[in-house]
Amino acid sequence: MMKLFLPAACVLTMAAAMPVHADPGDFGAMPGLWKIQVRHVANGKVGAPQVQWHCVDEGADPWTTFAAWTPAEGECTATDQHRRSTSLAWKLSCKAAPAATAHVDFDSAKHYTGSVTVEGRGEITQVEGDRYAACTSPQD
């Protein structure tokens, strides 16, 4: 099963590899505290949701904020990035894992859905984010 995590080295690798396409302010997502539910799907079986909380700063780069997913194995590089005001799509190339495709789509400034699909494995990680509240401190 594919697991998601945000290791600092991989996030930094992804961020460095991502070209700047536009001002982050043009991206249609609100800053604040986001509740993110992650579900792993393998061979048609949906796993229990895992809840993560993330505080998004105003002006944060959408690539490093909403597109920092990677398979648990190996160093990954994001390629073939496409950004619109309400969506992000990219491919992941990892040293120790199969290639994957990923996307997030916002239906409002406070809600998105997305997925990471591992090529050739029948594994998908589904994600859904809801803006919960304003961030109240740097520790949020």
Side-chain angles (χ1 to χ4, degrees):
M1 180 189 313
M2 185 172 92
K3 295 181 181 177
L4 295 181
F5 73 109
L6 303 175
C10 197
V11 172
L12 292 175
T13 299
M14 289 176 60
M18 294 180 192
V20 176
H21 293 286
D23 182 345
D26 70 351
F27 194 71
M30 289 184 69
L33 184 62
W34 285 77
K35 179 182 179 182
I36 302 159
Q37 294 187 57
V38 179
R39 290 181 180 84
H40 302 288
V41 181
N43 301 316
K45 295 182 181 181
V46 180
Q50 299 171 345
V51 175
Q52 303 170 1
W53 293 90
H54 183 72
C55 188
V56 176
D57 296 330
E58 191 167 334
D61 183 354
W63 282 111
T64 59
T65 302
F66 296 104
W69 312 338
T70 182
E73 308 129 12
E75 296 175 32
C76 299
T77 302
T79 63
D80 197 23
Q81 300 103 351
H82 299 279
R83 176 164 131 180
R84 296 189 174 95
S85 62
T86 59
S87 67
L88 302 169
W90 66 100
K91 292 183 180 182
L92 284 171
S93 174
C94 303
K95 287 185 178 181
T101 57
H103 71 92
V104 291
D105 298 298
F106 286 79
D107 56 22
S108 75
K110 296 180 179 183
H111 180 263
Y112 70 86
T113 58
S115 67
V116 176
T117 303
V118 178
E119 294 178 11
R121 284 198 177 170
E123 295 176 4
I124 299 171
T125 300
Q126 301 171 332
V127 65
E128 182 172 7
D130 289 291
R131 185 183 179 279
Y132 187 74
C135 295
T136 57
S137 73
Q139 290 76 33
D140 282 344

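Small disclaimer: the values here were computed from a predicted structure and weren't measured. Keep in mind that the numbers below use all heavy atoms, side chains included, and drop hydrogens, waters and symmetry copies. For reference, positions follow the sequence shown, starting with 1.
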Inset, instruction - Please answer whether the main-chain N or O of Thr117 pairs with a side-chain N or O of Ser115 as donor and acceptor at a distance below 3.5 Å. - result: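 The answer is no, because no donor-acceptor pair under 3.5 Å joins these two groups.
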Inset, instruction - List the steps, then state whether side-chain contact (heavy atoms from CB on, under 4.5 Å) holds for Trp90 with Thr77. - result: CA-CA 10 Å; Trp90 66 100; Thr77 302; over 6 Å; no
side-chain hydrogen bond (donor to acceptor under 3.5 Å, both in side chains) involving [X] - partner list, sequence neighbours excluded:
X	result
Asp105	His103
Asn43	none
Glu128	His111

Inset, instruction - Start with the C-alpha gap between Gln50 and His40, add the side-chain angles, then the distance that decides, and say whether side-chain contact (heavy atoms from CB on, under 4.5 Å) holds. - result: CA-CA 9 Å; Gln50 299 171 345; His40 302 288; 3.6 Å; yes
Inset, instruction - Show your working on side chain to side chain donor-acceptor pair (under 3.5 Å) between Arg83 and Gln81 and close with a plain yes or no. - result: CA-CA 7 Å; Arg83 176 164 131 180; Gln81 300 103 351; over 6 Å; no
[X] side chain near [Y] side chain, heavy-atom distance below 4.5 Å:
X	Y	result
Trp53	Leu33	yes
Gln37	Val127	no
Gln126	Val41	yes
Thr125	Val38	yes

Legend entry - Residues in salt bridge (charged side-chain N to carboxylate O under 4.0 Å, His left out) contact with Lys91, at least two apart in sequence or another chain: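 Testing Lys91 for salt bridge (charged side-chain N to carboxylate O under 4.0 Å, His left out), a comparison that skips the adjacent residues, returns Asp80.
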Inset, instruction - Could you pull out all residues at least two apart from Asp107 that satisfy salt bridge (charged side-chain N to carboxylate O under 4.0 Å, His left out)? - result: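 Not a single residue meets the salt bridge (charged side-chain N to carboxylate O under 4.0 Å, His left out) criterion with Asp107.
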Legend entry - Euclidean distance, Arg39 CZ relative to Ile124 CD1, rounded to 0.5 Å: 13.5 Å
Inset, instruction - Find the distance between CG (Asp130) and NZ (Lys110) and round it off to the nearest 0.5 Å. - result: 10.5 Å
Legend entry - Pro31: side chain to side chain contact (heavy atoms under 4.5 Å, CB included) partners, not counting sequence neighbours: Glu58
Inset, instruction - Under the side chain to side chain contact (heavy atoms under 4.5 Å, CB included) rule, collect the residues that match up with Glu119, sequence neighbours excluded. - result: Ala99, Thr101
Inset, instruction - Indicate the atoms forming the closest heavy-atom contact of Ala100 with Val116, along with that distance. - result: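 Of all heavy-atom pairs spanning Ala100 and Val116, the closest is CB-CG1, 4.0 Å.
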Legend entry - Heavy-atom closest pair, residues Gly32 and Cys135: C-SG, 3.3 Å
Inset, instruction - Anything under 30° is parallel, anything over 60° is perpendicular, the rest tilted; go ahead and classify Trp34 against Phe106. - result: perpendicular
